[in-house]
Amino acid sequence: MTPVRVVVVDDSPTMRGLIGALLRRDPEIDVVGFAGDPHEARQTIKDLNPDVITLDIEMPNMNGLEFLERIMRLRPMPVVMVSTLTQAGADATLRALELGAVDCVGKPSNTIHARTGLGELVEKVKAAAGARVRPASSPAAATPASGYGGSNDVVAIGASTGGVEALLKVIAHFPANCPPTVITQHMPAAFTTSFAARLDRATPARVSEAVDGAPLQPGRIYLAPGGETHLEVSRAGGGLQCRLRSGDPVSGHRPSVDTLFASVVETCGPAAVGVILTGMGRDGAASLKLMREAGAHTVGQSEESCVVYGMPRVAYEMGGVEHQVTLDKIGPMVLTLAEKKR
């Protein structure tokens with residue numbers, strides 16, 4: 001297997017060294033070059049033609065967002081963003097993912113803990129090498145389906161690599177009275193608050209980070225907080241609510257899509273729609289199959305429209321996907337299935 005050729009772009013010599021050393025520990029990765037600013041990076045990329053670059057957002061001469069925008073316009077290639085774990089860093093990272101970056105990791109503020117904090121970088125770089133990279137698209141416009149009559153069915157959505165753009169496009173179709181919707185997106189903890197706010201601007205429905213005990217209501221979309229808990233759906237009296245539960249990672253993740261889908265099977269049975277979007281790995285696949293076996297409708301993103309056809313592929317091969325469609329069709333289909341009489 002040919003190693004993934006990587007160029008590391010970061011203004012800090014210490015961070016360049018740490019990232020390079022971390023990546024070089026994996027025999028499937030070959031760090032072929034370094035750059036300290038976008039101008040140097042431009043020539044390095046031209047000379048070395050890497051498979052993937054890691055890119056710091058905050059750099060001199062031209063910030064990482066400006067540089068990324070030029071890359072995606074002139075020479076689209078897989079980019080993994082390395083961002084500070086601050087509010088400004090989170091906002092910039094989300095913009096980078098909308099512009100076409102494949103994934104992101106948080107940059108630890110203390111270099112002593114950098115190896116731990118950058119622990120996911122190796123797998124994300126390898127996944128990025130196989131990603132479908134497209135130039136940045138226009139922001140998703142909120143075009144909710146006309147004639148939608150409303151439904152109390154719970155919609156549960158799981159996503160990972162490439163999920164920022166995918167989720168924005170899916171929920172842009174959701175009207176103000178959309179079904180109660182719960183989402184688990186693999187994302188660093190510092191970024192999910194900003195992502196919930198960005199999703200909220202993309203749809204007439206109300207989007208927020210899930211809080212423990214929040215009642216599931218039509219017109220509301222709840223995003224799992226990153227980091228320390230799993231998002232589940234539980235019963236409370238005669239209704240449903242969000243439950244944030246601590247616990248070990250499931251399918252390699254916390255929050256886990258498998259955990260969310262399994263809770264929907266238990267609490268909702270057939271009165272649900274499960275959706276699995278772009279992402280590496282297999283999180284969500286087994287429990288999406290359980291949803292389908294319980295009588296719920298299930299939807300998987302098609303290969304040609306995924307950034308990484310990992311989670312949807314495994315779910316499809318396991319028999320968990322009832323409908324496999326391109327990204328642009330998922331939002332309207334979910335609303336139709338939620339209304340559909342069983």
Side-chain angles (χ1 to χ4, degrees), residues 85-87 90-91 93-94 106 120 151-160 163-164 167-168 170-171 174 176-269 271-277 279 283-284 286-288 290-291 294 296 311 334 338:
L85 297 172
T86 64
Q87 185 64 48
D91 292 342
T93 299
L94 289 173
E120 294 184 319
S151 169
N152 288 320
D153 280 13
V154 169
V155 174
I157 305 176
S160 186
V164 167
L167 285 165
L168 285 167
V170 169
I171 70 161
F174 281 26
N177 65 334
C178 72
T181 300
V182 284
I183 299 172
T184 288
Q185 158 75 47
H186 299 156
M187 181 175 282
F191 301 160
T192 47
T193 299
S194 292
F195 187 39
R198 177 65 186 92
L199 290 171
D200 188 57
R201 296 192 294 272
T203 175
R206 293 177 59 196
V207 185
S208 61
E209 265 192 311
V211 296
D212 191 51
L216 265 62
Q217 299 173 333
R220 296 294 304 271
I221 300 173
Y222 309 85
L223 177 70
E228 300 303 317
T229 59
H230 296 288
L231 173 60
E232 298 178 335
V233 174
S234 64
R235 289 210 169 270
L240 299 173
Q241 65 178 18
C242 295
R243 181 188 179 204
L244 298 182
R245 179 180 60 80
S246 60
D248 294 334
V250 175
S251 302
H253 297 279
R254 186 178 55 217
S256 163
V257 181
D258 264 322
T259 297
L260 176 62
F261 287 175
S263 73
V264 172
V265 172
E266 184 176 342
T267 55
C268 304
V273 179
V275 183
I276 195 159
L277 301 176
D283 188 24
S287 291
L288 189 73
L290 295 178
M291 287 188 69
M311 288 159 47
V334 167

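Heavy atoms only: backbone and side chains are in, while hydrogens, waters and symmetry mates are out.
- With hydrogens and angles ignored, the 3.5 Å screen pairs no side-chain donor or acceptor of Ser251 with any backbone N or O of His253.
- At least one donor-acceptor pair under 3.5 Å links the side chain of Ser287 to the backbone N or O of Asp258.
- Judged by distance alone, the side chain of Tyr222 and the main-chain N or O of Pro180 form no donor-acceptor pair under 3.5 Å.
- Note that the SG atom of Cys268 and the CG atom of Asp153 stand 8.0 Å from one another [nearest 0.5 Å].
- Considering OG1 of Thr93 and CZ of Phe195, their distance stands at 12.5 Å, rounded to 0.5 Å.
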Discussion item. Please determine whether side chain to side chain contact (heavy atoms under 4.5 Å, CB included) holds for the pair Glu120 and His186, giving the CA-CA distance in whole Å, both sets of side-chain angles, and the decisive distance to 0.1 Å.
Written reply: CA-CA 11 Å; Glu120 294 184 319; His186 299 156; over 6 Å; no
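- Taking a 6.0 Å sphere around CZ of Arg245, one finds it holds more than 12 heavy atoms contributed by other residues, nucleotides or ligands.
- Contact detail for Leu231 and Ala224: the closest heavy-atom pair is CB-CB, 3.7 Å.
- The shortest distance between side-chain heavy atoms of Met187 and Leu94 falls below 4.5 Å.
- The distance from atom CD of Gln241 to atom CG of Asp212, rounded to the nearest 0.5 Å, is 7.0 Å.
- No donor-acceptor distance shorter than 3.5 angstrom exists from the side chain of Ser234 to the backbone of Arg243, with no hydrogens or angles considered.
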Worksheet item: How far apart are the C-alpha atoms of Arg235 and Leu240, what are their side-chain angles, what is the distance that settles it, and do they pass the side chain to side chain contact (heavy atoms under 4.5 Å, CB included) test?
Response: CA-CA 5 Å; Arg235 289 210 169 270; Leu240 299 173; 3.4 Å; yes
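- Between the CG atom of Leu167 and the CD1 atom of Ile221 there is a distance of 9.5 Å, given to the nearest 0.5 Å.
- Nearest heavy atoms, Pro179 versus Val155: CB-CG2, 3.8 Å.
- Here the rule is side chain to side chain contact (heavy atoms under 4.5 Å, CB included) with Ile276, and of Leu288, Asp283, Ile157 only Leu288 fits it.
- In this structure, the side chains of Thr229 and Pro255 stay at 4.5 Å or more apart for every pair of heavy atoms.
- Annotation: Gln217, atom CD; neighbour count of heavy atoms from other residues, nucleotides and ligands within 6.0 Å is above 12.
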Item to complete: List the steps and the verdict of side chain to side chain contact (heavy atoms under 4.5 Å, CB included) for Val154 and Thr181.
Response: CA-CA 6 Å; Val154 169; Thr181 300; over 6 Å; no
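- In plain terms, the two heavy atoms of Asn152 and Pro218 that are nearest each other are OD1-CG, 3.4 Å.
- Using a distance-only test at 3.5 Å, with no hydrogens or angles considered, a donor-acceptor pair links the side chain of His230 to the main chain of Ser256.
- With no hydrogens or angles considered, no side-chain donor-acceptor pair links Arg254 and Ser246 at under 3.5 Å.
- Nearest approach of Ala176 to Pro204, heavy atoms of both residues: N-CB, 3.8 Å.
- Judged by distance alone, the side chain of Gln185 and the main-chain N or O of Ser160 form a donor-acceptor pair under 3.5 Å.
- Here the shortest heavy-atom pairing between Val275 and Val334 reads CG2-CG2, 3.6 Å.
- No side-chain donor-acceptor contact under 3.5 Å links Ser194 to the backbone of Phe191.
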Practice prompt. Output, in order, the C-alpha distance, side-chain angles, deciding distance and verdict of side chain to side chain contact (heavy atoms under 4.5 Å, CB included) for Phe261 and Val265.
Written response: CA-CA 6 Å; Phe261 287 175; Val265 172; 5.6 Å; no
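- A donor-acceptor pair under 3.5 Å is formed between the side chain of Ser263 and the backbone N or O of Val233.
- In terms of heavy atoms, Pro188 sits closest to Gly106 at CG-N, 4.4 Å.
- Atoms CE and CG, from Met291 and Leu260 in turn, are 8.0 Å apart once rounded to the nearest 0.5 Å.
- Atom CG of residue Leu223 and atom CZ of residue Arg198 lie 13.5 Å apart, to the nearest 0.5 angstrom.
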